[in-house]
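Input: a single structure, listed below in structure tokens.
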Amino acid sequence: MSLKKHPILLLLLPFIIGIYSVLNLSLVYQTAYLLLFGICFGCSIFLYWINKKKYKVQSEFSFTILVIIDIFLFGLCYCSTQWDHTSENHFSKINAEHLLVTIISNPIEKKNSIQAMIQAKAAFDFEDEMLDASGNAIVYLEKELSQLQYGDQLIIPNKLKEIPPPMNPYEFDYKAYLANKNLYYQAYFKLNNITQIDNNDLNLKQIVFRKTYQFRAFISYKIQSYFKDQSNIAVASALLLGDKQFVDKDLRSTYQDTGAMHILAVSGLHVGIIALLLQNILNFLNFLKYRKVIKSVSIITILWLFAALTGLTPSVTRAATMFSIIIIGNLLSRNNNIYNSIAASAFILLLYNPFWLLDIGFQLSYMALLGIVYLYPKLRDLYKPQNKLISKIWDINLVAIAAQVFTLPICLYNFQQFPLIFFISNPLAIVGASFILYLGISFIFLVTISEYFTFMAYLVEWNAYFLELIIQLLNFCLNYLQQLPFSTLKGLVFNDIQYYLLLFCIISMIVSIRNTIALKIRYLLLTFLCSSFLFSSYQLKQEIELVVFNYAGESLIGMREGHQQVLVSSSSNKEEINLKTNSYDKKKHIENKEYYQISDSINSENLSILNGMVSFNGRTILIVDKENKAEIQQWKAEVDYIIIRNNPYLKVEELYKQLSPQKLIFDSSNSAKTTRYWLAECEQNDLPCHFISNDGAFTLILND
């Protein structure tokens, strides 16, 4: 694939690199970027001006390089200006008592609260003077506030706090997840903390979104009314509304393990199915003079209405944008280049929201689309069945294979698993999703009409019956496939280096499949990848590690040697303990676990615990609590580490001088008040310490 034939793609790549540099490397220097962009852009204009009559090869090359640098710097500048918390008016930088905020998302009902995204509009200082304010945040409100809607205005205390990082090794990084959405602050407010003010002067955007969310709530209510099974409600809500709040753990696991999770996330597949359906339905307009214009406008309008109905997620917005570009291109009788259309849609979406670049759904959507567009035709040329039915099934499988190959690095890195039966589950899911969407759109239409014509209720019931029947059949088939032995390859842990090596292998495939140089590069990258896996596996097997986990109100100490782990805790609840260590266990490929309580006495070859003294791999770890505090104050022997738990009253400076540990570790069984007291003492005396509640879990490789 030559980049010269795809100029928009050539411009998109440096733009993406510029955005990525800001988002992932935190390179935020707006003034410097603007200065560099101005200089480089001026040079480009000058070079174009002096060569506008006749380009020389050398000048054309120089001009191209300058344009690429311009686009890269533009990506840096643009993304830097979009970064929420760098603004001078950000609420976190204003000394104000209250904030005037607007709800900018559809409030979602959680188990114990209402979740909503807010945008600061103004701040009130302690003298009630109004100041300009900006910034977005996530808030959780009492359930009594469930009547709140998109566009409502509230006055809240300026007590928003930074979202904390993960407190245990390798657990889901909610802070990074929200940072990728330009959100850095959160808070919980009770009913008496906030004041709702009248906001009758809604703008057009707020009116449209509010009406859309109200219609979504109406359809959601109807789905729950007509459907009987909770799993069927979950799939219908996810497919038709983009609402996954009803998807439980078991259903999510079924779709993930079989590689059909993309069915529950409204994406290009769903938009493509609807576009194809509309193209056929609107054929009755062929007798009209301006049929192409009417059909194009109708399809684009309906696609964007569907996108709005599903919450304008990155994947469905991307698909609607791309299809709109293709349809407009066809309308203008231009020869569409699919790669330029894909690149143009990505460019437009990243201009709208550069933070979508780090959205996993956005990445999967584009990589899957590139796989289908690029790899599918090449696979199709290898073998063409003569039978029409077999040919259709074969084509669907090739589409699934092409998409899976290109999304492989992202799936392995983020989900640590790969569905081995995707060639069965994907065609099944695609066919099932098509029928569900067709019947689902019919259901939405009929249930809306039935509000005005009650005799339509009979048709709605039959439509709902067949729709639920197909969803139930799809769920049954996927659940059966999930139960098959070796259906899913799990525990595939990729580090950053391995992820990029595999990604570059895919990129070299995009550049050329048969090119000799690209082939050699692929072999070299695969060699490095295999070597990296072997080295990581060997290194992991040799590791000996101590981990003091963050377990609120309890103590939890993990000691690992290779793939074997011993857990010592103040709790006897193994289910909760496993929940706290689950991410760590997957990352370290834990094969065998032993559970003990702190009060137990253990004496084995590599581990002994007696009266709070732990000996592990030649290191001594002293656990100090209320029970053994008096006894320990008589000790004179030095220890390597001291873990202080359960609020013993003591002077940590005296304990440090007495036993000379390398570090004092205060676990999360200690109260916040006691922890603050010890923190001040440690800072005052410059003692080496680690506070689990503040700093997260303590990890140490003992055989370094």
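The residues of the chain are indexed from 1 along the displayed sequence.
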Self-check item: Side chain proximity check, Gln230 to Ile233, heavy atoms < 4.5 angstrom
Solution: yes
Self-check item: Aromatic ring proximity His90/Tyr184, centre distance under 6.0 Å
Solution: no
Quiz item: Does any N or O in the side chain of Lys121 come within less than 3.5 Å of the main-chain N or O of Leu100, such that one atom is a donor and the other an acceptor?
Solution: no
Practice problem: Using a strict cut-off of less than 4.0 Å between a Lys/Arg side-chain nitrogen and an Asp/Glu carboxylate oxygen, indicate whether Lys580 and Glu171 qualify as a salt bridge. | Solution: no
Quiz item: Closest approach of Val405 and Pro409, non-hydrogen atoms and distance?
Solution: O-CD, 4.1 Å
Quiz item: Which atoms form the tightest heavy-atom contact between Gly18 and Leu76, and what is the distance?
Solution: O-CD2, 3.3 Å
Quiz prompt | Inter-residue atom distance Leu700.CG - Glu545.CD, 0.5 Å rounding | solution = 8.0 Å
Exercise. Side-chain contact test, heavy atoms from C-beta onward, threshold under 4.5 Å: evaluate it for Leu241 versus Ile223 and give yes or no.
Key: yes
Quiz item: Is a side-chain donor or acceptor of Ser105 paired with a backbone partner of Met117 at a separation under 3.5 angstrom?
Solution: yes
Practice problem: Write down the atom of Leu240, the atom of Ile436, and the distance for their closest heavy-atom approach. | Solution: CD2-O, 4.3 Å
Quiz item: Taking side chain as C-beta onward, heavy atoms only, is Leu358 less than 4.5 Å from Tyr20?
Solution: yes
Quiz item: Does a sphere of radius 6.0 Å around NZ in Lys143 hold more than 12 heavy atoms from other residues, nucleotides or ligands, not counting ones at 6.0 Å or beyond?
Solution: yes
Quiz item: How about Tyr140: does its OH atom have over 12 heavy atoms from other parts shown lying under 6.0 Å from it?
Solution: yes
Exercise. Could you grab the distance from atom CD1 of Ile692 to atom CZ of Phe698, nearest 0.5 Å is fine?
Key: 8.0 Å
Quiz prompt | side-chain hydrogen bond (donor to acceptor under 3.5 Å, both in side chains) evaluation trace for Gln149 with Gln214 | solution = CA-CA 9 Å; Gln149 301 181 69; Gln214 287 173 352; 2.7 Å; yes
Quiz item: Got more than 12 heavy atoms from elsewhere within 6.0 Å of CZ, Phe528?
Solution: no
Practice problem: Without swapping roles, check the side chain of Lys159 against the backbone of Tyr188 for a donor-acceptor pair under 3.5 Å. | Solution: no
Practice problem: Spell out, as yes or no, whether a donor-acceptor pair under 3.5 Å connects the side chain of His98 to the backbone of Ile194. | Solution: no
Quiz item: Taking atom CG of Asn353 and atom CG of Asn182, what is their separation to the nearest 0.5 Å?
Solution: 7.5 Å
Quiz item: For the residue pair Thr407 and Ala368, what are the closest heavy atoms and their distance?
Solution: CG2-N, 3.6 Å
Practice problem: Considering only NZ, NE, NH1 and NH2 on the basic side and carboxylate oxygens on the acidic side, decide whether Lys93 and Glu88 come within less than 4.0 Å. | Solution: no
Self-check item: Whether Ser345 side chain and Ile342 backbone form a donor-acceptor pair below 3.5 Å
Solution: yes
Quiz item: Does the Ser668 side chain pair with the main chain of Tyr551, one donor and one acceptor, at a distance under 3.5 Å?
Solution: yes
Quiz item: For the residue pair Ser583 and Tyr170, what are the closest heavy atoms and their distance?
Solution: CB-O, 3.2 Å
Quiz item: Which of these, Val547, Thr699, Asn168, sits in a side chain to side chain contact (heavy atoms under 4.5 Å, CB included) with Tyr584?
Solution: Val547
Practice problem: Determine yes or no for a side-chain-to-main-chain donor-acceptor pair under 3.5 angstrom, with Gln363 supplying the side chain and Leu357 the backbone. | Solution: yes
Quiz item: About how many Å separate OG of Ser425 and CG of Leu478, when rounded to the nearest 0.5 Å?
Solution: 6.5 Å
Quiz item: Taking atom CG of Leu305 as the centre, does the number of heavy atoms from other residues, nucleotides or ligands within less than 6.0 Å exceed 12?
Solution: yes
Self-check item: side chain to side chain contact (heavy atoms under 4.5 Å, CB included) assessment of Met367 paired with Ile410
Solution: CA-CA 9 Å; Met367 290 302 289; Ile410 300 171; 3.7 Å; yes
Quiz item: What distance separates Phe355 CZ from Ile19 CD1, expressed to the nearest 0.5 Å?
Solution: 9.5 Å
Quiz item: Would you say Asn582's side chain and Asn578's backbone share a donor-acceptor pair under 3.5 angstrom?
Solution: no
Self-check item: Test item: Arg216 and Leu309 side chains (from C-beta on) under 4.5 Å apart, heavy atoms
Solution: yes
Quiz item: Going by the angle between their ring planes, with limits at 30° and 60°, are Tyr150 and Phe209 parallel, tilted or perpendicular?
Solution: parallel
Practice problem: For the pair Tyr174 and Phe172, name the ring-plane relationship: parallel under 30°, tilted 30 to 60°, perpendicular over 60°. | Solution: tilted
Quiz item: Hey, what do you get for CZ (Phe91) to CD1 (Ile118), rounding to the nearest 0.5 Å?
Solution: 6.5 Å
Exercise. Identify the two heavy atoms, one from Ile94 and one from Ala123, that lie closest to each other, and give their separation to 0.1 Å.
Key: CG2-CB, 4.1 Å
Self-check item: Side chain to side chain, Val139 and Leu160, heavy atoms closer than 4.5 Å
Solution: yes
Quiz item: When you look at Gln482 and Ser253, which way does the side-chain hydrogen bond (donor to acceptor under 3.5 Å, both in side chains) test go after all the steps?
Solution: CA-CA 9 Å; Gln482 183 193 26; Ser253 175; 3.2 Å; yes
